[in-house]
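First comes the structure, then the notes that go with it.
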Amino acid sequence: MESKRQQKYAKLIQKELGDIFQKDAKHLVGKAMITITHVLVSPDLGFAKVYLSFLLTDPDATYKLINEHKKEIRHQLAKRIGKSVRIIPEIAFFPDDSASYAQHMDKVISDLNIPEAPEEEDEDSED
């Protein structure tokens with residue numbers, strides 16, 4: 001379980017990375033919409049796992065491009081939070097598959113062929 005400090009740090013990183021992807025990293029992502037769905041921070045605050053969700057783009061190509069420019073993104077993060085934190089964490093990006101998994105499960109459930117339940121007769125009529 002994460003401590004309050006880790007949770008606070010994770011929220012700060014999530015907010016700032018979101019701003020970076022919306023404003024400063026437009027040259028990397030183009031028209032793609034990138035959502036930071038979750039951030040996990042190590043207990044020593046030196047490492048952050050960042051889970052990304054992609055819209056309006058090829059997720060694999062965008063993910064690869066972001067990983068190639070990880071140092072630049074970390075540098076942008078350092079400019080933004082460097083005055084308020086001691087450690088700028090190393091960042092590892094991971095694709096978040098929860099949206100596509102939810103769509104898949106919705107399709108599976110909607111494709112199920114469930115027969116109608118038979119109408120039950122009143123038990124009082126038998127007496």
Side-chain angles (χ1 to χ4, degrees):
M1 187 167 150
E2 289 183 281
S3 68
K4 292 281 187 191
R5 186 173 183 205
Q6 285 172 286
Q7 291 172 358
K8 185 177 175 183
Y9 207 71
K11 283 183 183 181
L12 175 67
I13 291 170
Q14 183 175 7
K15 178 188 173 298
E16 294 300 333
L17 282 177
D19 285 347
I20 288 169
F21 284 127
Q22 283 183 352
K23 298 172 185 166
D24 299 335
K26 276 293 189 190
H27 65 281
L28 292 178
V29 297
K31 294 181 180 180
M33 291 184 63
I34 298 176
T35 305
I36 291 110
T37 56
H38 194 66
V39 177
L40 293 174
V41 180
S42 65
D44 67 351
L45 308 177
F47 186 77
K49 290 182 180 181
V50 179
Y51 292 89
L52 304 172
S53 177
F54 305 97
L55 291 173
L56 307 174
T57 186
D58 175 30
D60 295 330
T62 308
Y63 175 71
K64 184 178 176 185
L65 188 63
I66 288 171
N67 264 331
E68 289 172 0
H69 292 88
K70 194 183 326 187
K71 286 185 180 181
E72 181 183 336
I73 294 168
R74 184 172 183 245
H75 181 71
Q76 291 289 330
L77 181 65
K79 281 187 195 177
R80 290 172 172 253
I81 67 171
K83 302 281 185 192
S84 59
V85 298
R86 272 190 7 211
I87 301 168
I88 305 301
E90 289 293 324
I91 300 172
F93 293 107
F94 297 96
D96 185 15
D97 299 336
S98 60
S100 61
Y101 180 72
Q103 284 180 329
H104 169 72
M105 290 307 296
D106 188 41
K107 184 180 182 315
V108 167
I109 291 170
S110 64
D111 290 345
L112 288 176
N113 186 11
I114 301 173
E116 294 277 332
E119 293 184 26
E120 293 185 26
E121 295 180 18
D122 291 336
E123 293 179 13
D124 295 336
S125 63
E126 293 176 10
D127 292 330

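Residue Glu2 comes nearest to Val39 through the heavy atom pair OE2-O, 4.4 Å, listed as atom of the first residue, atom of the second, then distance. Contact record, Leu77 with Glu16: CD1-CB, 3.7 Å, taken as the closest heavy-atom pair. Scanning all heavy atoms of the two residues, the minimum distance from Tyr63 to Phe93 falls at OH-O, 2.8 Å. Of all the heavy atoms in Leu12 and Ser84, the pair that sits closest is CD2-OG, 4.3 Å. Shown here for Gly46 and Ile87, the closest heavy-atom pair between the two residues is CA-CG2, 4.0 Å. Of all the heavy atoms in Gln6 and Leu45, the pair that sits closest is CG-CD2, 4.1 Å.
Here the OG1-CG distance, from Thr35 to Leu17, works out to 12.5 Å after rounding to the nearest 0.5 Å. Separation of atoms NZ (Lys107) and CG (Leu112) is listed at 10.5 Å; rounding is to 0.5 Å. Here His75 contributes atom NE2 and Ile20 contributes atom CD1; the two are 10.5 Å apart, rounded to the nearest 0.5 Å. Atom CD of Gln22 sits about 7.5 Å away from atom CE of Met33, to the nearest 0.5 Å. Arg74 CZ to Ile88 CD1: the interatomic distance, rounded to the nearest 0.5 Å, is 7.0 Å. Here the straight-line distance linking atom NZ of Lys49 with atom OG of Ser42 works out to 10.0 Å at 0.5 Å rounding.
Checked options Ile66, Asn67, Leu65; the residue passing with His69 is Leu65 (criterion: side chain to side chain contact (heavy atoms under 4.5 Å, CB included)).
Between Asp24 and Lys79 no salt bridge is recorded (no basic side-chain N to carboxylate O distance below 4.0 Å). Salt-bridge check for Asp60 with Lys64: failed, with every basic side-chain N at 4.0 Å or more from each acidic carboxylate O.
Side-chain contact between Tyr51 and Leu40 is present, with at least one heavy-atom pair separated by less than 4.5 Å. Side-chain contact between Pro89 and Ile13: present, with at least one pair of heavy atoms (C-beta onward) separated by less than 4.5 Å.
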